[in-house]
Amino acid sequence: MNKKIGVFGGSFHPVHNGHLMLAKHAAEQLGIDRVLFVIDRIPPHKQLAEGATDEQRLEILRLSVEDDPLFEAETMELQREGPSYTVDTLRELKQREPDAELYFFMGSDMLQSFESWRSPEIIASLATLVCTIRTGQSGGEEETAERLREKFGAKIVLLEEVSSLSSTEVRSRIHDALPIKGMISAKAEHYIYLHGCYQPREIVTYYERLRRELKPSRMEHTAYVLETAISLAVRFGADPKKARVAALLHDCAKYLPEETLLQYADTEPPMLPILHAPAGADYAKTVYGVTDPQILESIRLHTTGDAHMTILDKVVYLADMIEPSRSYPGVEEIRAANGIDEMMRLALSRSIWYIKERNNPVHPATVRALQDIGGTMERFGENDVLAICKLLYDKKANDILALHIGDRTIIADWFVVASGTSVTHVRTLCDELEEKAASIGLDVRRKEGYEDGRWIVLDFGFALVHLFHPEEREYYKIERLWEGDDNLIRYPISE
């Protein structure tokens, strides 16, 4: 039995799921073994729109068909000088596969103009013409097919269209910052956003500079953030064009020198990992020429958030956290949440937990952002704090207090305050904590005041333990600075 090969020619500018569905449908109906997508270099009947190079169109095609063994990208026309004529392509394929039956795919408009093509009689002798027509809409295809059969002896099969999607529509949506998910393959979509295909000229200039300033891995992330931000913007009612710019430039200052980033610090100690956000807002304005205050504010807040965030701010923050390459525990829960504030609550809580789990301080703006949408700070490390309190209690420490301060300062999440009866007792309490810390899974990061022995501070990262001589405890009254209605635990805890 002869092999049946489908020949699907076109500019594929870009190839989309409508093309793939048509090819799959035709192959199923006609028993075709393989479909070649023959990409044009210079189509003889139309001028190609701008937006992607030949190499980019080809790569988008390859990415779209590589996972289906039925499909194959064919480059013979790209390699050919001059316009791409179907008769030349079919001749070459016939020489390559002399025993194969060729089926040439075309649309209704191509069937109507077939007689004006170069050597239509040779085309008709080399391949069966497979024409797709719009469901329920006759454009005279039956009459045209009958005329071509009589005139050229053509073998013609008419199939109903399975998708009305067009490359023009896909290009237009990309240009207008509208989602294209489901219109093209996921791999092709990412490639388009990574390389800036079919974007307005202003956006293309941003891409050109970003490629010089960001590492390839950061550009990958940026492309994912961009496609996610556009989708979220349309879903929740933000301006997708503003979301596009903010997402594209959100990490534009990522690789500025440390001394430059430190100029934007607003906490002590400075939080270097988040400073590219405020620096990025300034960089986007002064270097990239962005003047829209809403876009700049979204860039500024994308690492910390803050109270009174706009929908655009939340869209960019979330896009950065849940873009497709993110795979941390809890990300699927955030993606599946219904409303944007519920997504933000989950995202902010996850971010805070991640930061504290690594014994790093949480920026106050992040706490404000969570509280602004009705979220509450979890008492991170409470069990560990109670374990510290028990060690102190077992060594006869007095007046042991644990103060949760994580939503008030970046210094720590907890203060533990306790008193010894003398300098020797205070040092003994300190020695006990240092000796037993590892046994309860904790690590002492620094120690101050041991030599004097009247106020020793042990830093566990998430908690600062203050061990006082009674006189110093009474004089400084440190707990009164932080004590509130709901953040105090007295140890031992009374029943």
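For clarity, every value in this text was computed on a predicted model and none was experimentally measured. Scope of the values below: all heavy atoms of this structure, side chains included, with no hydrogens, waters or symmetry mates.
The backbone N or O of Phe12 sits nowhere less than 3.5 Å from a side-chain atom of Ser167 that would complete a donor-acceptor pair. In this structure, Arg335 contributes its side chain and Ile322 its backbone to a donor-acceptor pair below 3.5 Å. Formation of a donor-acceptor pair under 3.5 Å by the Arg173 side chain with backbone atoms of Met183 is not found in this model. Using a distance-only test at 3.5 Å, with no hydrogens or angles considered, no donor-acceptor pair links the side chain of Arg446 to the main chain of Val457. In this structure, Arg368 contributes its side chain and His308 its backbone to no donor-acceptor pair below 3.5 Å. The closest donor-acceptor contact from the side chain of Asp68 to the backbone of Leu70 lies under 3.5 Å. Put simply, the side chain of Arg300 never gets that close to the backbone of Asp282: no donor and acceptor are under 3.5 Å apart. The main-chain N or O of Thr228 is never found under 3.5 Å from a side-chain atom of Ser231 such that the two would form a donor-acceptor pair. The backbone N or O of Tyr288 sits nowhere less than 3.5 Å from a side-chain atom of Arg209 that would complete a donor-acceptor pair. With His221 contributing its side chain and Tyr224 its backbone, the two residues share no donor-acceptor pair below 3.5 Å.
When all heavy atoms of Ala279 and Leu256 are compared, the closest pair comes out as CB-CD1, 4.4 Å. Closest of all the heavy-atom pairs between Leu232 and Ala319 is CD1-N, 3.9 Å. Taking both residues in full, the closest heavy atoms of Pro269 and Thr267 are given as O-OG1, 3.1 Å, listed atom of the first, atom of the second, then distance. When all heavy atoms of Ala463 and Val385 are compared, the pair lying nearest together is CB-CG2, 4.3 Å. Between Ile184 and Ala188, the shortest heavy-atom contact is CD1-C, 3.8 Å. Among all heavy-atom pairs drawn from Val204 and Gly196, the shortest one is CG2-O, 4.0 Å.
Classified by interplanar angle (parallel below 30°, tilted 30° to 60°, perpendicular above 60°), the ring pair His466/Trp455 is tilted.
The closest side-chain heavy-atom distance from Val225 to Asp251 is not below 4.5 Å. Contact annotation: the side chain of Ser351 approaches that of Tyr317 to within less than 4.5 Å [non-hydrogen atoms, C-beta and beyond]. Put simply, the side chain of Val65 does not reach to within 4.5 Å of the side chain of Val15, judged on heavy atoms. The shortest distance between side-chain heavy atoms of Glu169 and Leu165 falls below 4.5 Å. Inter-residue side-chain proximity for Phe8 and Leu22 is flagged as met; some heavy-atom pair is nearer than 4.5 Å. Taking the side chain as every heavy atom from C-beta outward, Ile373 and Leu348 approach each other to under 4.5 Å. Under the 4.5 Å side-chain criterion, counting only non-hydrogen atoms from C-beta, Tyr475 is not in contact with Arg454. For the pair Pro14/Val170, a side-chain contact is recorded, criterion being any heavy-atom separation below 4.5 Å from C-beta on.
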His195 vs Tyr207, ring pair (Phe, Tyr, Trp, His ring centres under 6.0 Å): CA-CA, chis, key distance, verdict:
CA-CA 8 Å; His195 293 274; Tyr207 270 96; 8.6 Å; no
Using side chain to side chain contact (heavy atoms under 4.5 Å, CB included), reason through Arg473 and Val417 one step at a time and then give a plain yes or no.
CA-CA 9 Å; Arg473 176 80 173 266; Val417 186; 3.4 Å; yes
Determine whether Thr168 and His13 satisfy the following criterion, side chain to side chain contact (heavy atoms under 4.5 Å, CB included), listing intermediate values before the conclusion.
CA-CA 8 Å; Thr168 301; His13 198 28; over 6 Å; no
Evaluate the criterion side chain to side chain contact (heavy atoms under 4.5 Å, CB included) for residue pair Met344 and Met321; output intermediate values, then yes/no.
CA-CA 10 Å; Met344 284 295 296; Met321 278 204 69; over 6 Å; no
Could you go through Arg326 and Asp320, starting from their C-alpha distance and side-chain angles, then the distance that decides it, and tell me whether this counts as side chain to side chain contact (heavy atoms under 4.5 Å, CB included)?
CA-CA 9 Å; Arg326 301 290 198 192; Asp320 186 37; 3.4 Å; yes
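Of the N and O atoms on the side chains of Asp431 and Thr428, not one donor lies less than 3.5 Å from an acceptor on the other residue. Defined by atom type and a distance below 3.5 Å, a donor-acceptor pair is missing between the side-chain atoms of Glu189 and Tyr193.
Under the 4.0 Å criterion applied to side-chain N and carboxylate O atoms, Glu208 and Arg201 are assigned as salt-bridge partners. Under 4.0 Å is where a charged nitrogen must lie from a carboxylate oxygen, and between Glu432 and Lys436 at least one such pair does. Taking 4.0 Å as the cut-off between side-chain N and carboxylate O, Arg350 and Glu333 do not count as a salt-bridged pair.
In Lys447, the NZ atom is crowded: over 12 heavy atoms of neighbouring residues, nucleotides or ligands sit closer than 6.0 Å. The number of heavy-atom neighbours closer than 6.0 Å to NZ of Lys254, taken from other residues, nucleotides and ligands shown, is above 12. Within a 6.0 Å radius of CD in Glu434, other residues, nucleotides and ligands contribute more than 12 heavy atoms. The number of heavy atoms from other shown groups lying within 6.0 Å of CG (Asp394) is above 12. Within a 6.0 Å sphere centred on OH of Tyr255, heavy atoms belonging to other residues, nucleotides or ligands number more than 12. Residue Glu258 qualifies as open at atom CD: its count of foreign heavy atoms under 6.0 Å is 12 or below.
To the nearest 0.5 Å, atom CD1 of residue Ile388 and atom NZ of residue Lys390 are 13.5 Å apart. Note that the CG atom of Asp292 and the CG atom of Leu312 stand 8.0 Å from one another [nearest 0.5 Å]. Interatomic distance, Phe37 CZ to Glu72 CD, rounded to the nearest 0.5 Å: 11.0 Å. Between Ser172 atom OG and Leu178 atom CG the span is 7.5 Å, to the nearest 0.5 Å. Lys285 contributes atom NZ, which lies 13.5 Å from atom SG of Cys252 (distance to the nearest 0.5 angstrom). Note that NE2 of His363 and CE of Met271 are 5.5 Å apart. Values are rounded to the nearest 0.5 Å.
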